[in-house]
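Step one of this worksheet: look at the structure below.
Predicted model, so just to flag it, every value in this text is computed and none were measured.
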Amino acid sequence: MAAASTSSSSRLAFRHHQQLTPYSGSHPQTPGSVSFLSGSHSFSFKSLETTRRSQFSRISVTVKAESRSEEMQLDISLSPRVNAVKPSKTVAITDQATALAQAGVPVIRLAAGEPDFDTPAVIAEAGIKAIHEGYTRYTPNAGALELRVAICQKLKEENGISYTPDQILVSNGAKQCIYQAMLAVCSPGDEVIIPAPFWLLESKLTGKSRLLILCSPSNPTGSVYSKKLLEEIARIVAKHPRLLVLSDEIYEHIIYAPATHVSFASLPGMWERTLTVNGFSKAFAMTGWRLGYIAGPKHFVAACNKIQSQLTSGASSISQKAGVAALGLGYAGGEAVSTMVKAFRERRDFLIKSFGEMEGVRMSEPQGAFYLFIDVSSYYGTEAEGFGKIEDSDSLCRYLLDEAQVALVPGVAFGDDSCIRISYAASLTTLQAAVERIKNALLPLKSAVPV
């Protein structure tokens, strides 16, 4: 996910994700701690008192027992795992903007990656029909066979990769697929490599590197990895026997010619080590239906299936019927999807022209998805009257929300603090109003911007 302003779409740079220790917490095991050892089926539970004291202060409230008058202290501390998780900035800003809108503030919401189109009628009707016909019970944990067969057919015809239904797992959205895949293949101490505008891939891989995550078309830059670049990545990946690749292809159909989508698993020697994640939210405007899937070698998919059976069980039966209808629309979603893509392209072109005319803004043209990742770092260090100093992408987004009433996502959420992300999954009229507000809000800062 190289920043649009610092690298071209043909360059790929990476940084290390924090080492994954999902079962042992963020601190070394100490006497009195709980131990979840990888590969063990007999867990030892001991007092967490020692660990809690060393990690954070105990939080308590005073309560009174019903049967007696004395007071007691109730421990309301949270798990260190929860405290280590950072909230999603996209979700937080979207929720804040929604709350403001519900309070009557005319906020323009361009933070969430959610198409503004309704789900195509054929798909919605399939969901309604499923309800009326009583298709409202559990499906197999891995997903209805009808849907998994349809997914296999889609992957073969559109992506050039072959799978059988037992190599497909349907989940409650692509995000769940990614989460379960990481739980399934990563052990404590393993490294996960994710794209960022900092280092070259080959120099960052070690013997501990277990998973490389690719997203093309990319969120947040909209860049698309060419076949030549993917082949070069595959050449590097092939040198590392432990390294798997998780290919997030959720935006594959939202792509602008001449760019084309290539599935990483279709490259020679990559099928065996690739987990392909996709879904219905973006291309088919089905964000609320919560339906995604993962495809890969049976050994890995079966592990993900086991995890899902204990987390959520299968995805909604109604959504799965709708998913079958979506895949029946034709190649790449047929006319319904191409109509949406045409509108996205028109919006992209408008934003490129509009921000290109603004002083102190740099960007490159997205080739896919519906995001614009613009470099606004020239405004950092300026003082905004009534707001204070704009120091980074976070403070600039807060300023634009306060002053312009436009909700955007700071680039720091994606590893590049010099940029902000704008979702153009909104009508052209809405985008025109947003650009005007942003331009007016940045105007007072103009004199402080280096020419």
Any chance you could measure [X], atom [atom1], to [Y], atom [atom2], to the nearest 0.5 Å?
X	Y	atom1	atom2	value
L351	L110	CG	CG	8.5 Å
I193	L246	CD1	CG	13.5 Å
D248	I194	CG	CD1	12.5 Å
R345	Y424	CZ	OH	9.5 Å
L291	S316	CG	OG	8.0 Å
T276	I168	OG1	CD1	8.5 Å

pair [X]-[Y]: side-chain heavy atoms closer than 4.5 Å:
X	Y	value
M358	V435	yes
I294	F300	no
R242	S209	no
I438	F355	yes
R290	S319	no

Stepwise salt bridge (Lys or Arg N to Asp or Glu O under 4.0 Å) check, R437 with E403: CA-CA 8 Å; R437 291 188 189 185; E403 184 67 21; over 6 Å; no
[X] and [Y]: side-chain donor and acceptor closer than 3.5 Å?
X	Y	answer
K306	N141	no
S263	E249	yes
T312	N172	yes
H253	E158	yes
D95	T98	no
E191	T206	yes
T221	S223	yes
W289	T119	yes

Any donor-acceptor N/O pair, [X] side chain to [Y] backbone, under 3.5 Å:
X	Y	value
Y380	S393	yes
S395	I390	no
S338	E335	yes
D416	S418	yes
Y379	V361	no
R210	L244	no
S423	A111	no
K298	T164	no
Q367	V224	yes

Y251-Y371 aromatic ring centre distance below 6.0 Å: yes
Ring center gap for Y163 and W271 short of 6.0 angstrom: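 Yes - the distance between ring centres of Y163 and W271 falls below the 6.0 Å cut-off.
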More than 12 heavy atoms from other groups under 6.0 Å of OH on Y179: no
Within 6.0 angstrom of E357 CD, more than 12 heavy atoms from elsewhere: yes
Could you check whether [X] pairs with [Y] (Lys NZ or Arg NE/NH1/NH2 to Asp/Glu carboxylate O, under 4.0 Å)?
X	Y	answer
K321	E146	yes
D166	R148	no
R348	E365	yes

Can you name the closest pair of heavy atoms from [X] and [Y] and give their distance?
X	Y	value
V107	A97	CG1-CB, 3.8 Å
A303	A184	CB-CB, 3.9 Å
S377	D375	OG-OD1, 2.7 Å
V409	C397	C-SG, 3.6 Å
L431	A426	CD1-O, 3.7 Å
G314	Q308	CA-NE2, 4.0 Å

Salt bridge (Lys or Arg N to Asp or Glu O under 4.0 Å) between E252 and K154, intermediate numbers included: CA-CA 12 Å; E252 67 163 335; K154 171 257 186 286; 2.6 Å; yes
CA sep, side-chain torsions, deciding dist, call: R347, D116, salt bridge (Lys or Arg N to Asp or Glu O under 4.0 Å): CA-CA 12 Å; R347 299 166 184 181; D116 58 312; 2.8 Å; yes
Residues 229-241, side-chain donor-acceptor partners within the protein, below 3.5 Å, at least two apart:
unit_1: E232; atom_1: OE1; unit_2: R235; atom_2: NE; d: 3.2
unit_1: E232; atom_1: OE2; unit_2: R235; atom_2: NE; d: 3.2
unit_1: E232; atom_1: OE2; unit_2: R235; atom_2: NH2; d: 2.5
unit_1: K239; atom_1: NZ; unit_2: E202; atom_2: OE2; d: 2.9

Intermediate values then yes/no, side-chain hydrogen bond (donor to acceptor under 3.5 Å, both in side chains), S218 and S216: CA-CA 4 Å; S218 166; S216 178; over 6 Å; no
Ring geometry between F370 and F344 (parallel below 30°, tilted from 30 to 60°, perpendicular above 60°): tilted
